[in-house]
Structure formats: structure tokens, C-alpha cells
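What follows is one structure encoded as C-alpha cells, with my remarks underneath.
We count ligands from 1, going down the list as the structure has it; atoms in each ligand are counted the same way.
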Amino acid sequence: MAQRLNLVADEDMPHVHEWFSPVADITLLPGRQINAEHLIGKDALLCRSVTQVNAELLQKSSIQFVGSATIGVDHLQTDWLDQQQIGWANAAGCNAAAVAQYILSGISVWLLRQNRQLDDISVGIVGAGNVGTCLANFLDILKVPYYFYDPPLVEQGDPRQFVDFKKILSCDVITLHVPLTQTNKHKTFHLFNEFVLQQLTPEQLLINASRGAVIDGEALTKYLSLAHHAQVILDVFEHEPNVSDKLVNQCLLATPHIAGHTLEGKSRGSWMIYQAFCRHFNLDILADQSLSQVLPEKNALLLDTIDDIRHGLLNLYDVRTDHQKLLNYSGSLAEHFDELRKNYARYHRLLPRRDYDGWQTIANKVNSLEQADLAKTPSDLNHAQLLLSLLIDQ
Ligand SMILES: NC(=O)C1=CN([C@@H]2O[C@H](COP(=O)(O)OP(=O)(O)OC[C@H]3O[C@@H](n4cnc5c(N)ncnc54)[C@H](O)[C@@H]3O)[C@@H](O)[C@H]2O)C=CC1
Ligand SMILES: O=C(O)C(=O)[C@H](O)COP(=O)(O)O
């Protein structure tokens with residue numbers, strides 16, 4: 001029998017016990033507290049976005065593999081890991097659908113406040129990777145025009161259509177889906193600085209669910225203190241968990257870095273890391289282990305009438321609930337930011353936020369309802385307007 005491995009894992013990474021305990025002894029720790037001493041004599045580290053994985057953390061250890069159950073890798077010193085021949089993996093795309101769902105919910109709330117319609121806006125997507133593309137797929141169904149800005153993909157010959165930064169800055173909604181990078185030619189650190197922010201108008205919405213430092217936080221606070229400014233939705237903040245109460249209160253909506261935290265998004269992250277771990281250590285995946293095994297059945301969405309669709313979507317996700325929870329901690333946000341994220345996961349174990357994978361079904365259903373009974377679907381509503389009215393509260 002192969003020797004058992006020893007691993008340290010972030011205590012907020014789901015399903016670690018189910019999947020890893022047949023082959024490893026596991027030490028669970030709070031992600032921000034994992035230190036070099038904890039890793040001495042260990043073979044693998046399983047982390048989330050809050051653990052800085054670098055030479056300082058690992059050099060005294062015998063870690064051979066680092067798995068981060070996240071899309072982002074800005075907390076991993078990947079060049080050093082490669083140099084040391086330490087295997088590493090992230091969970092690319094694991095929660096892309098969850099982030100896209102968050103963005104659509106945020107846009108819906110903004111439209112409601114502005115008394116504007118979905119069919120008269122354009123969306124500028126900065127970063128056309130997994131999240132940007134997933135969002136674009138949803139916007140296609142909603143028939144909302146969007147534009148991609150992604151110079152690295154242009155250089156790689158991606159055949160899709162891309163626009164320049166100036167065009168993005170003219171869109172009604174600008175939403176950021178880039179990795180945080182500090183050094184390369186297309187670095188994203190402070191991509192939205194004071195100069196860029198000042199070009200926005202009060203009619204626009206800026207959303208950041210990528211990494212906080214893609215927007216210069218200090219410049220943003222200053223910008224939002226101006227009499228006229230664009231509306232802003234933030235899921236991420238520069239210097240988390242030290243989040244400024246002032247900035248949160250200046251936003252249309254603010255949430256504690258939970259855009260990707262659906263049940264599927266979190267579980268898929270662990271599952272992808274488990275698979276990478278097995279590949280690295282040349283282990284078999286046991287026959288009774290699978291992602292679907294740990295995901296509870298979804299309540300069937302009964303799409304018989306427009307009302308069914310409306311309620312199905314409303315039960316799905318309303319970002320205002322998460323915004324309100326963050327506001328409840330106003331005055332001591334920095335102290336409670338991590339706790340809110342932790343409790344978000346716990347709360348959602350009872351009433352989980354789920355990915356919605358039935359958008360195409362809904363689009364088809366709306367089509368058939370329109371064809372079958374136009375009286376139920378006012379003829380001046382196109383698909384986009386109709387689906388928006390389903391996304392937001394009546
Ligand atoms: N708030 C949250 O809960 C979550 C945040 N994220 C963040 O979102 C980021 C994006 O996620 P994915 O789309 O899955 O990543 P991805 O790697 O699939 O796509 C990122 C895209 O950004 C592009 N890009 C890089 N530099 C750029 C620049 N200067 N200007 C324009 N485009 C640029 C890349 O070429 C790539 O196509 C992640 O790196 C992560 O930091 C991801 C998941 C959840
Ligand atoms: O996947 C990413 O990248 C994210 O930002 C995550 O959704 C954040 O997840 P945790 O670090 O809280 O697991």
C-alpha cells in the first residue's frame with residue numbers, strides 16, 4: 001500500500017475530508033494563519049485566496065504540491081514554485097458562472113434604481129477569459145450588446161472581436177474580469193487609476209469582482225467623494241481584509257468577496273484541486289468520489305408560466321441581501337470581513353446559493369410562451385426586457 005501523505009488545508013475549503021482522507025492525514029487551519037512551522041514535514045498545501053504562498057512560507061518545508069481552490073493565483077509565487085519544482089494547481093474557471101450570476105444581479109439592481117431598461121445599455125467586459133466569456137454568453141441570451149477588451153488575447157490571435165480601452169470607457173456598464181498582475185506588459189495593478197476614473201460619468205456603472213487592486217482604492221474613494229460620479233459595485237477591495245467603511249458606504253452595492261461563492265463554485269474548486277493532487281502524486285480517484293456526489297439535488301424549476309420563471313430567478317440570487325449584511329457591520333468592517341466570508345459559506349450550507357445552469361432553458365421557454373400566448377407577454381417586451389423583469393423584484 002502506498003504511504004499516506006500529510007497535508008495542511010484551509011479549513012474553509014469544502015469536501016477536503018471526503019476526498020483526501022482515504023490517502024492523507026489532514027491538518028485543517030484558518031487560511032490566514034497558516035505559517036511556515038505548520039508546513040514542516042508536510043507533503044501538500046491546499047489553500048484559498050487568503051494564504052500568501054511564497055518562499056518565506058515554504059522554504060523550510062518539504063511541500064511537493066500546492067493546490068489553490070480558486071481561479072485567481074495572485075497569492076501564489078508561481079515563478080518561485082516552478083523554480084523549486086514544487087507542483088501547483090489552481091481551479092481555472094471553477095466559479096465563473098457564479099461570478100457572472102453576481103454581475104447580472106448587480107446590473108439588474110442598478111437598472112432598477114436608474115429606471116433604465118436592459119435593452120438600452122451596453123456592457124464593456126475587461127478580460128475575456130472564463131468569467132468574461134461566461135458573462136457574455138448570458139448577455140447573448142438577454143440580447144444585451146457587449147464589448148470585449150483583452151489585449152493579451154488579441155496578441156494570442158483570439159478570433160473574437162475586441163475593442164480598445166476608449167470604447168470600453170464609453171459603455172454604460174464596465175465590468176472587470178482580469179487577473180491581478182503587477183509586472184507584465186499588460187499589468188492590471190491600478191488599471192483603473194485616478195485618470196481613468198475621472199473619465200467616467202454619473203450615467204455609468206463600474207463593477208469590480210476581480211481583485212481589489214485592479215482599481216486604485218485611494219483614488220476610488222476620492223473619486224466617489226465628488227458630487228458627480230459613476231455608480232460602483234465592489235465585491236473585492238484593495239488590502240482585504242482591511243476594507244474601508246467609507247468606501248463601502250460610497251458604493252451602490254458592496255459585498256465581502258463572495259461573487260464566486262455558490263455551492264457549485266466552491267465544490268468544483270475543491271474537486272479540481274483533488275484531481276490535480278491525484279495526478280501529481282500518481283493516485284487513483286476512488287470510484288465513489290465525484291463532484292455530483294457532494295452536490296445536493298436542485299429544486300426543480302417549474303417553468304410552466306412566466307410567474308414560475310420569475311420566482312425561480314428571484315429565489316436564485318439577489319445581491320442586495322449580501323450588500324445589506326455587509327452594511328450591518330458598518331463601523332468595524334475590517335474586523336469582520338473574514339468572518340462574513342466564513343459565515344457566508346456556513347449560512348449557505350443551510351440555504352445554499354446555487355449556480356443556475358438553465359439559462360438556455362429559460363430563453364427557450366420564453367420563446368415558446370411568447371409564441372403560444374402573446375397575451376401573457378406584452379408585445380413591446382423583447383426577450384431582454386422580459387428576462388430583466390424576471391431577474392429583479394417586481
Ligand atoms: N470575486 C470573486 O469571487 C472572484 C474573482 N475572480 C477573479 O477574476 C479573475 C478573472 O477570472 P477568469 O476570467 O476566470 O480568469 P481567466 O484567466 O480565464 O481570464 C482573465 C482574462 O484577463 C485577460 N487580461 C489579462 N491582463 C489584461 C489586461 N491588462 N487588460 C485586459 N484583459 C487582460 C487575460 O488575457 C484573460 O483572457 C481571476 O483572476 C480572479 O482574480 C475569480 C473568481 C471569483
Ligand atoms: O476564485 C477566485 O479567484 C476567488 O476570488 C474566489 O472565489 C475567492 O474564494 P476563496 O478564496 O474565498 O475561497
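- None of Tyr274, Trp271, Phe281 except one satisfies the ring pair (Phe, Tyr, Trp, His ring centres under 6.0 Å) rule with Phe20; the exception is Tyr274.
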Polar pairs, ligand 2 vs protein, N/O only, below 3.5 Å.
| residue | atom | partner | partner atom | Å |
| --- | --- | --- | --- | --- |
| ligand 2 | 1 (O) | Ile71 | N | 2.7 |
| ligand 2 | 1 (O) | Asn95 | ND2 | 3.1 |
| ligand 2 | 3 (O) | Ile71 | N | 3.3 |
| ligand 2 | 3 (O) | Gly72 | N | 2.7 |
| ligand 2 | 3 (O) | Arg211 | NH2 | 2.8 |
| ligand 2 | 5 (O) | Arg211 | NH1 | 2.8 |
| ligand 2 | 5 (O) | Arg211 | NH2 | 3.2 |
| ligand 2 | 5 (O) | His257 | NE2 | 2.7 |
| ligand 2 | 7 (O) | Asn95 | ND2 | 3.2 |
| ligand 2 | 9 (O) | His261 | NE2 | 3.4 |
| ligand 2 | 11 (O) | Ser49 | N | 2.9 |
| ligand 2 | 11 (O) | Ser49 | OG | 2.5 |
| ligand 2 | 12 (O) | Arg48 | NH2 | 2.6 |
| ligand 2 | 12 (O) | His261 | NE2 | 3.0 |
| ligand 2 | 12 (O) | Arg341 | NH1 | 3.4 |
| ligand 2 | 12 (O) | Arg341 | NH2 | 2.6 |
| ligand 2 | 13 (O) | Arg48 | NE | 2.8 |
| ligand 2 | 13 (O) | Lys266 | NZ | 3.0 |

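- Using cut-offs of 30° and 60° for the angle between ring planes, the Tyr149 and Phe165 rings count as tilted.
- Salt bridge status for Arg320 with Asp318: present, with a side-chain N to carboxylate O gap under 4.0 Å.
- Contacts with ligand 1 closer than 4.0 Å are made by side-chain heavy atoms of Val236 only, the backbone lying farther away.
- At a threshold of 4.0 Å, the pair Arg116-Glu203 does not count as salt-bridged, since none of the basic side-chain nitrogens sits closer than that to a carboxylate oxygen.
- Distance from atom 15 (O) of ligand 1 to its nearest protein heavy atom, with residue and atom name: Ile71 CG2, 4.0 Å.
- Protein heavy atom nearest atom 32 (N) of ligand 1, with residue, atom name and distance: Val178 CG1, 3.4 Å.
- In terms of protein heavy-atom proximity, atom 44 (C) of ligand 1 is closest to Asn95 OD1, 3.3 Å.
- Within the 4.0 Å heavy-atom shell around ligand 1 one finds Thr188.
- Taking 4.0 Å as the cut-off, Ala96 does not count as a neighbour of ligand 1 on heavy-atom distance.
- Each of Thr175, Val214, Val178 was evaluated against Val126; a single residue qualifies, Val178, per the side-chain contact (heavy atoms from CB on, under 4.5 Å) test.
- With side-chain heavy atoms closer than 4.5 Å counting as contact, directly or through intermediates, Leu286 stands alone and belongs to no larger hydrophobic cluster.
- If you number the atoms of ligand 1 from 1 as listed, the ones under 4.0 Å from a heavy atom of His257 come out as 1 (N), 2 (C), 3 (O).
- Ranked by closest heavy atom to atom 18 (O) of ligand 1, the top entry among Leu135, Leu191, Asn130 is Asn130.
- Open room surrounds CD on Glu218; 12 or fewer heavy atoms of other groups in view lie less than 6.0 Å from it.
- Scanning all protein heavy atoms for the shortest distance to atom 37 (O) of ligand 1 gives Asp150 OD2, 2.6 Å.
- Among all non-hydrogen protein atoms, the one lying nearest atom 1 (N) of ligand 1 is Asp235 OD2, 2.9 Å.
- No single ILVMFWY cluster, assembled from side-chain heavy atoms under 4.5 Å apart, contains both Tyr102 and Val236.
- The single protein non-hydrogen atom nearest to atom 5 (C) of ligand 1 is Ala209 O, 3.1 Å, given as residue, atom name and distance.
- Between Asp12 and Lys266, no side-chain nitrogen of the basic residue sits less than 4.0 Å from a carboxylate oxygen of the acidic one, so the salt-bridge criterion is not met.
- Annotation: Gln161, atom CD; neighbour count of heavy atoms from other residues, nucleotides and ligands within 6.0 Å does not exceed 12.
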